[in-house]
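Here's the structure, in structure tokens; my notes come after.
By convention in this document, chain letters (A, B, ...) are assigned in the order of the sequence lines, proteins followed by strands, and residues within each chain are numbered from 1.
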Amino acid sequence: MKYLNLILLSFFFISCSMQSSLENEQVQEDELALQPKRSLPDIIEEQYSSSIGILSYQGVLQSMSNLTGVPITNNRVQVVYNDVKDLLAGTNQLNLYTPSVQQGYMKMAAEFCSEMTKSESLIRNIYPSYSTNNLNIENLVDAFVNKFWAGKANQDTKDSAIEDYSVLLEDFKTQGVRSADLAFSACVGSLAALPVMIY
Amino acid sequence: MKVLKFLILIASISFAQTSEDIAIKMYSRLTESIPATNSSIIQTMKGHIQNGDFLSAAKEATQSNDFYNIGLKNFAKSFTDVNNEGSIRMPLNDMSATIIGFTRDDIDFSTILSADTFYRLNTTPAFSIANNTHYESAENSYANLKTSLVADTISSVNNFAPSKAAGLLTTRAFAANSYEAGTNRAAVNNIMNQFFCKTMEQVQDSTRPATRVARDVFIVPNPTIPHLFQTRCSGCHGLMDGMRGAFAHYHFNERTMVYDDSKVHDKYSINATNNPTGYITTDDSWINLLNYGVTESFKSTLLSGKGAKSLGTAITTSKQFSVCMSQRVYKKLCLKDPSTTSEKNYILNLANEFKNNSYNMKKLFESAASSARCITDSEGGAL
């Protein structure tokens, strides 16, 4: 169930992000048409890869540990880390944000969140009002997104994600999904997201 | 189109920064990691930033374990990236550990290529001059580099005189990359790449004297192209061969660095018939031709000497060394090389500050993090 949630949420989340991008796409393309032609590598060099990096494999391990409270030496985390380490980025260059890197992030996030949601105290570090009964989904998602994405995205982006994400998790809750699994979904959906991976 | 969408998505993540946002970004750039939620370090940094004290905020981050275990470690590892691929997948070794140790302990970085000091860990298995197991094991078991590094003397572990120890130049890792087989010219090439941030191609200049070019360099490499040696070969070899004498007694024998005071290594006299009138290395003397031609701005003050230790001092007291260290720190924090005039001027200012701060690497990080506009997004930044 956890992994089904994970897959559904991952696709949902990526599509949400892309949808907000697409809304601006036509405008962006119109604006680009008015500018002198530059190659895509030029644009990347000038605007993005020059000032943004992605977490390397060691950075991913430590960052996810910092955010979830699960030690980097946790046995299950170590098994997954050793399995995906070579998939993750070996430098901080943004052009290494490839599907295999994303797959690695996703697996790492899933394991950290799985270990984290075994402990109510760790969940409460993120969402102090966490309870196994009548969980408030919107507050839960709000806590994960705002804490994991702190300093990494504007409030509109976070609010939009929280809103869309909550709708989906409410559905899961209605279907009888346990609170710990809902917390897992909220955790992995926000931990494996782009704002956490870039710095 | 996918790339465009991705770029637009990233653009949507940029936003006006609060003091907490700046604190998180500064921490992330220094440590290459994301801080814990409710981190006390971030709260303290936030307070400093609210008071306009960015330097104190940066100092908080450089006290964190993450700075030593990830950010600084990866910075140090980049010095052992002999292929300049930008990867940090190589293991921790005595060279990178020593860079971390010098930074942690506020040791004058201008002695990094001349001191009789290296760093090992207080962990098992014990340090060995014959392998890298000690460092790899410590890294794989997540030893805390902030607390477990200890200084030791190069001369004692290698059993040679302290006067023959030359900081990083006499670490096992540098030796493996520079003194194994070949002609020891790789050492000069590595120095150029790692401590001057230049390739040999960038610093070649055939106007330099060729008096030290050795016998193994063909004087007539191609009979159909007259003066090729003078116009091309000597451009690199004049500089390299002038300096490589410093390493005449060093060798790496597959596992261990070897220092033999009794004679110049055989590799200095190979292929002598290529240029019978070439220079014959008889001792470990060296000459520094950096003040000639395209590298005039390097402004070296020590122009000749004997042995690796004095060459190391010549390198680190060159203006270009400070510029290179500043450039490396800037690239780590801003994730790009300086390219604009204002960025290059900023690097020069950082380099001067680095020198005036007794070549303190930690202060260089803190200063760059507190003033670089790439972190604060502030128009009032140093750029």
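For B:I88, the parts lying under 4.5 angstrom from a heavy atom of chain A are both the backbone and the side chain. Heavy atoms closer than 4.5 Å to chain B are found in the side chain of A:T73, but not in its backbone. Contacts of A:F144 with chain B are absent, with no heavy-atom separation under 4.5 Å from either backbone or side chain. Within the 4.5 angstrom heavy-atom criterion, atoms from both the backbone and the side chain of A:L67 approach chain B. A:L96 does not touch chain B: none of its heavy atoms, backbone or side chain, sits under 4.5 Å away. B:N65 does not touch chain A: none of its heavy atoms, backbone or side chain, sits under 4.5 Å away.
Each of A:Q93, A:M64, A:K158, A:K85 has some count of heavy-atom pairs under 4.5 Å with chain B, and the biggest count is that of A:K85.
Rounding to the nearest 0.5 Å places CD1 of A:I126 at 4.0 Å from OG1 of B:T37. Summarising the geometry, atom CG belonging to B:N74 is positioned 5.0 Å from atom CD belonging to A:Q58; distances are rounded to the nearest 0.5 Å. The distance from the OG atom of B:S28 to the CG atom of A:L55 is 7.5 Å, given to the nearest 0.5 Å.
A search for ring pair (Phe, Tyr, Trp, His ring centres under 6.0 Å) contacts involving A:Y130 returns nothing, not counting sequence neighbours.
Contact of the B:L335 side chain with the A:Y199 side chain is registered, since non-hydrogen atoms from C-beta on lie closer than 4.5 Å. Two residues are said to be in side-chain contact when any heavy atoms from C-beta on lie closer than 4.5 Å; B:K332 and A:N92 fail this criterion.
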message: Walk me through whether A:D86 and B:R89 qualify under side-chain contact (heavy atoms from CB on, under 4.5 Å).
response: CA-CA 9 Å; A:D86 292 340; B:R89 288 203 190 273; 3.9 Å; yes
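Shortest non-hydrogen contact noted between B:R29 and A:I52 is NH2-CA, 4.1 Å. When all heavy atoms of A:S63 and B:I34 are compared, the closest pair comes out as OG-N, 2.7 Å.
Within a 6.0 Å radius of CD in B:Q43, more than 12 heavy atoms belonging to other residues, nucleotides or ligands are found. More than 12 heavy atoms of other residues, nucleotides or ligands sit less than 6.0 Å from atom CD of B:Q63. By the neighbour-count criterion of 12 heavy atoms within 6.0 Å, atom NZ of A:K147 is densely surrounded, having more than that number from other residues, nucleotides or ligands.
The main-chain N or O of B:P35 is never found under 3.5 Å from a side-chain atom of A:N66 such that the two would form a donor-acceptor pair.
Applying the salt bridge (Lys or Arg N to Asp or Glu O under 4.0 Å) test to pairs two or more places apart or on separate chains, those with a residue in residues 61-82 of chain B are B:K73-B:E139, B:K77-B:E139.
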